[in-house]
Amino acid sequence: MGILVDENSRILVQGITGREGSFHASACRAYGTNVVAGVTPGRGGQFFEDEVPVFNSVEEAVHQSQANVALIFVPPAFAADAIAESVAAEIPLIVCITEGIPVLDTVRISRYLENKPVRLIGPNCPGLITPGANCKIGIMPGHIHKRGTCGVVSRSGTLTYEAVKQTSDLGLGQSSAVGIGGDPIKGSEHIDILEMFLADPETQSIIMIGEIGGSAEEEAAQFLADEKKKGRWKPTAGFIAGRTAPPGRRMGHAGAIVAGGKGDAESKIAAMKEAGIVVADSPATLGEAVQEAINKG
């Protein structure tokens, strides 16, 4: 059912006693997510909401709870070390919500992750959700999600929610929705998630949302075009945010900057259309775009 997470996922929250961590851990639990442990150094032996044990280290938490997903709400200065701690504890899926991590730290952690059997989502992302499995790992509003067949992957958190609400209203629902984050260096890119959606039997259509900056969307479009030639294709809609951004000016996310003649919206849109993706002109028409893609087959 969906990708990456399901009803068997056991979630450990790093930073569970902090303001953001406690708020969102509580919301995840209210949605039905199986939060089995929290980690805050110096708070070991306490309980979150009188039920979830808090540990001093990830290693201890994994040993006691058998957690297999880490959700990170650690402040930016310590987030890279928090990711590294989860990697060392052999947690296979790590979701880092933290925004504002220094780029050098993300470079360092990216090198550390090389050749490790670990999937990192984020940083600076809303997380991911598989609605039918009652598994919400992040900060997204759970109530707008509906179990269904459209896979959503996006660099933008708020645009993820827009795509989700529209597909829910259309009755398509979502197999899974994944916010990969807007930083220039992150754990998973569009291609990584698209590959999973193509392989997932429940996912029947896809929405891919990108932004100006970098070349990930062009690479993802080429990936889909190549897979289509192999007979692996699912109706896909897309949108690129930042079309009116002045060249050289950062707009919102750290990775949303156009410079050196690369990363502009028009080149991304052209690549997507050439690959056979139906591109929405506005976030308000994402639902219409995916329905058009489905009708085209």
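What you see below is based on every heavy atom in this structure, not just the backbone, and it leaves out hydrogens, waters and symmetry mates. Model, not experiment: these values are computed from the prediction.
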* To do: Check whether any side-chain heavy atom of E202 sits under 4.5 Å from a side-chain heavy atom of R147, and report yes or no.
  => yes
* **All ring pair (Phe, Tyr, Trp, His ring centres under 6.0 Å) counterparts of H24, not counting sequence neighbours** => F73
* Asked: Can you find a heavy atom in the side chain of I97 that is under 4.5 Å from one in the side chain of C125?
  -> yes
* Reported CG-to-CD1 distance for the pair L113 and I94, which is rounded to 0.5 angstrom -> 6.5 Å
* To do: Taking all heavy atoms of H190 and all of E217, pick out the closest pair and write down the distance.
  => CE1-OE2, 3.6 Å
* To do: Could you tell me whether the side chain of R108 reaches within less than 4.5 Å of the side chain of D81, counting heavy atoms only?
  => yes
* **Heavy atoms from other residues, nucleotides or ligands near OH of Y31 exceed 12 (cutoff 6.0 Å)** => yes
* So V13 and C28, side chain to side chain contact (heavy atoms under 4.5 Å, CB included) or not? Walk me through it. -> CA-CA 10 Å; V13 180; C28 289; over 6 Å; no
* Full working for side chain to side chain contact (heavy atoms under 4.5 Å, CB included) between I185 and V103 -> CA-CA 7 Å; I185 299 173; V103 174; 4.0 Å; yes
* Structure fact -> One should read off an interatomic distance between R232 CZ and L194 CG, to the nearest 0.5 angstrom, of 10.5 Å
* Asked: Which residue, T149, L198, I193, forms the side chain to side chain contact (heavy atoms under 4.5 Å, CB included) with I206?
  -> L198
* Between V290 and V278, is there a shared hydrophobic cluster once you connect ILVMFWY residues whose side-chain heavy atoms come closer than 4.5 Å? -> no
* Could you state whether F223 and F197 fall into the same hydrophobic cluster, counting links through intermediate Ile, Leu, Val, Met, Phe, Trp or Tyr residues with side-chain heavy atoms under 4.5 angstrom apart? => yes
* Above 12 or not: heavy atoms from other molecules or residues under 6.0 Å from CD of E274? -> no
* Please name the pair of heavy atoms, one in P131 and one in K146, separated by the smallest distance, quoted to 0.1 Å. => CB-C, 3.8 Å
* Could you tell me which non-hydrogen atom of L128 sits nearest to which non-hydrogen atom of I3, and how far apart they are? => CD1-O, 4.5 Å
* Matching residue for M272 among L224, T236, I240 - test: side chain to side chain contact (heavy atoms under 4.5 Å, CB included) -> I240
* Test side chain to side chain contact (heavy atoms under 4.5 Å, CB included) on E51 and R29 and set out the steps. => CA-CA 11 Å; E51 293 182 357; R29 295 188 74 225; 2.5 Å; yes
* Residue pair A37 / S65: nearest heavy atoms and the distance that separates them -> CB-OG, 3.7 Å
* Asked: Of the non-hydrogen atoms in L170 and G287, which two are nearest, and what is the gap between them?
  -> CD1-O, 3.3 Å
* If you count the non-hydrogen atoms of other residues, nucleotides and ligands that lie under 6.0 Å from CD in E90, is the total more than 12? -> no
* Asked: Between atom OG of S188 and atom CD1 of I180, what is the distance when rounded to the nearest 0.5 Å?
  -> 8.0 Å
* Salt-bridge present (E227, K234; N to O < 4.0 Å) -> no
* Asked: V58 and Q14: side chain to side chain contact (heavy atoms under 4.5 Å, CB included), yes or no, with the steps?
  -> CA-CA 8 Å; V58 174; Q14 291 177 259; 3.5 Å; yes
* Asked: Can you find a heavy atom in the side chain of T167 that is under 4.5 Å from one in the side chain of Q174?
  -> yes
* Should V74 and V87 be regarded as members of a common hydrophobic cluster, given that ILVMFWY residues are connected when their side-chain heavy atoms come within less than 4.5 Å of each other, either directly or indirectly? -> yes
* Would you say the side chain of K165 lies within less than 4.5 Å of the side chain of D169, judging by non-hydrogen atoms? -> yes
* **Non-hydrogen side-chain atoms of T40 and Q46 separated by less than 4.5 Å** => no
* To do: Sort out for me which residue in L159, T160, L286, V164 forms a side chain to side chain contact (heavy atoms under 4.5 Å, CB included) with I207.
  => L286
* Structure fact -> Output for pair (L172 CG, C150 SG), nearest 0.5 Å, gives 6.0 Å
* Asked: Taking atom types as modelled, is there a side-chain donor on E162 or Q166 under 3.5 Å from an acceptor on the other?
  -> yes
* Distance-only donor-acceptor check, side chains S57 and E85, under 3.5 Å -> no
* Check whether any side-chain heavy atom of E99 sits under 4.5 Å from a side-chain heavy atom of P123, and report yes or no. => no
* To do: Find out if a path of hydrophobic residues (ILVMFWY) with successive side-chain heavy-atom gaps under 4.5 Å connects F55 to V52.
  => no
* Asked: What is the minimum heavy-atom distance between A163 and I209, and which atoms define it?
  -> CB-CD1, 3.9 Å
* To do: Write out all pairs satisfying ring-ring contact (aromatic ring centres under 6.0 Å, His included) with one or both partners inside residues 117-164, taking only residues at least two apart or from two chains.
  => none
* To do: Determine whether V5 and S176 make a side-chain contact, defined as any pair of heavy atoms from C-beta on separated by less than 4.5 Å.
  => no
* Asked: Say you draw a straight line from CD1 of I83 to OG1 of T98; how long is it, rounded to the nearest 0.5 Å?
  -> 7.5 Å
* To do: Please check if atom CD in E59 has more than 12 non-hydrogen atoms from other residues, nucleotides or ligands closer than 6.0 Å.
  => no
* Asked: With hydrophobic residues grouped by side-chain heavy-atom distances under 4.5 Å, do V118 and L4 end up in a single group?
  -> no
